[in-house]
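For clarity, every value in this text was computed on a predicted model and none was experimentally measured. Hydrogens, waters and symmetry mates play no part in the numbers below; they use all other heavy atoms, side chains included. Naming: A, B, ... by sequence-line order, numbering from 1 per chain.
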Number of protein chains: 2
Amino acid sequence: MTTHSHPPRAAVSPDLVREAALDLFARQGYHGTAMSEIAAALGIRTPSLYNHMQSKQQLLAEIIDGTTRAVWADYEAAITGHADVTSRLHAAAEVYALRHATHPREAVIVNRDVSSLAEPLRTEVRTLRRRHERAIRRLIQEGCTDGSFSVTEPALASFGILELCVSIAHWFRPDGRLSAEQVAAHYAEFAVRIACDGHER
Amino acid sequence: MTTHSHPPRAAVSPDLVREAALDLFARQGYHGTAMSEIAAALGIRTPSLYNHMQSKQQLLAEIIDGTTRAVWADYEAAITGHADVTSRLHAAAEVYALRHATHPREAVIVNRDVSSLAEPLRTEVRTLRRRHERAIRRLIQEGCTDGSFSVTEPALASFGILELCVSIAHWFRPDGRLSAEQVAAHYAEFAVRIACDGHER
DNA sequence: CCTACCGATCGGTAGG
DNA sequence: CCTACCGATCGGTAGG
């Protein structure tokens with residue numbers, strides 16, 4: 001007999017709550033999502049949520065903090081072992097693009113709702129993102145120095161390359177014609193094209 | 001004497017309300033902004049706002065609808081009179097980039113809060129934006145046919161080029177080192193680079 | 001996991 | 001332009 005103990009319905013866990021929040025925050029925004037909607041998505045009442053989480057703000061903090069740290073770890077892992085600067089920029093863009101294709105909901109939330117994050121985390125996240133941007137910028141400057149790239153304003157190129165990759169999160173669907181890896185490869189190529197001057201070759 | 005009639009304080013108008021809403025929606029998001037904050041920014045009480053506007057939703061609708069229509073009008077004006085496809089893509093990207101530098105708050109709201117728009121306007125706005133993307137895509141396809149461009153996936157390039165320009169709204173400051181026109185010129189160059197293959201020249 | 005309920009705040013209206 | 005106030009909903013707690 002399987003019905004003599006606790007019924008199997010519900011069975012909510014912290015991970016399931018985070019998953020439901022991820023879905024709703026991405027679709028409706030942090031301020032646009034009510035805790036009652038997260039509860040409804042899980043088939044429970046709102047107060048029951050608080051057995052699995054601390055607060056709405058904490059849910060947002062975990063999503064954004066985890067994603068931001070993972071992006072930086074991705075970057076550091078990606079650029080090691082590449083001799084030339086073109087390969088490093090290609091790898092940095094590819095791994096960033098890939099994350100936005102494989103984790104589009106996290107990416108949308110990071111970019112839309114970071115302003116809803118409480119201090120001091122908001123500042124920490126912005127600092128880490130700035131570090132990433134400056135790393136890309138230095139890569140571009142390095143390539144301009146050794147003749148690999150040709151960019152008049154490296155800051156504009158680094159902003160552009162990063163946002164180019166971010167944009168994938170707004171349209172990519174895993175069941176689409178192209179895989180996440182294929183899309184990431186194409187966008188890495190776009191990133192290198194932005195840094196190179198096609199007319200000079 | 002200038003104090004015998006209505007005191008000059010306040011003097012709120014529909015345009016001032018829209019301006020205050022533009023500022024707060026851009027900084028905090030539509031759902032993250034309370035009508036009381038808009039009123040406080042204007043130095044009046046919340047109910048007084050309703051002498052100058054219909055509803056919070058109507059404020060959002062006017063901002064997004066007006067911006068979306070202007071973007072399409074920009075595009076149509078920009079591409080006329082250019083003989084070759086490279087010039088047309090350059091002009092289309094430049095005018096789109098320029099709008100995001102000169103109207104960053106409107107751009108941020110369009111991109112972040114379109115999902116908060118009530119139907120049928122939400123669908124209308126999305127249709128108009130899709131038309132713009134398809135026009136850019138056709139431009140790229142045309143350039144691939146006549147040998148001006150080299151892109152394996154024109155849809156990926158059109159998405160990327162548009163989002164590249166959108167990203168300007170997230171960092172551009174009118175008092176910065178580069179003018180809106182200078183930034184737009186650089187990003188138009190990036191757009192053309194994305195479409196061209198630098199390694200083949 | 002639930003019901004019952006908290007104070008706060010929301011967008012908006014009545015009426016002057 | 002204001003005060004006074006509406007019903008609805010918010011995130012979260014008490015207590016079981």
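- Using a 4.0 Å cutoff on non-hydrogen atoms, the parts of residues 45-63 of chain B near DNA chain D are B/R45, B/P47, B/S48, B/N51, B/H52, ordered by number.
- A salt bridge between A/R193 and A/E189 is present, with a side-chain N of the basic residue lying under 4.0 Å from a carboxylate O of the acidic one.
- Aromatic ring centroids of B/H132 and B/Y96 lie under 6.0 Å apart.
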### Query
How does DNA chain C read in dot-bracket, base by base from 5' to 3', with Watson-Crick or G-U pairs under 3.5 Å and | used when the partner is on another strand?
||||||||||||||||
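- Side-chain contact of A/N51 with A/S48: a donor-acceptor pair under 3.5 Å is absent, judged by distance alone.
- Taking every heavy atom of residues 18-36 of chain B and every atom of DNA chain C, pairs under 4.0 Å involve B/T33, B/A34, B/M35, B/S36, by number.
- Not a single donor-acceptor pair under 3.5 Å links the side chain of B/R18 to the backbone N or O of B/L59.
- Judged purely by distance below 3.5 Å, without hydrogens or angles, the side chains of B/S13 and B/D15 never pair a donor atom with an acceptor atom.
- A/H170 and B/F159 have their aromatic ring centers separated by at least 6.0 angstrom.
- Side-chain contact annotation: A/E119 with A/T123, donor-acceptor N/O pair under 3.5 Å present.
- Taking the side chain as every heavy atom from C-beta outward, B/R105 and B/R27 never approach each other to under 4.5 Å.
- Side-chain contact check for A/I161 versus B/F190: every heavy-atom pair is 4.5 Å or farther apart.
- Aromatic ring centres of A/F172 and A/H100: separated by at least 6.0 Å.
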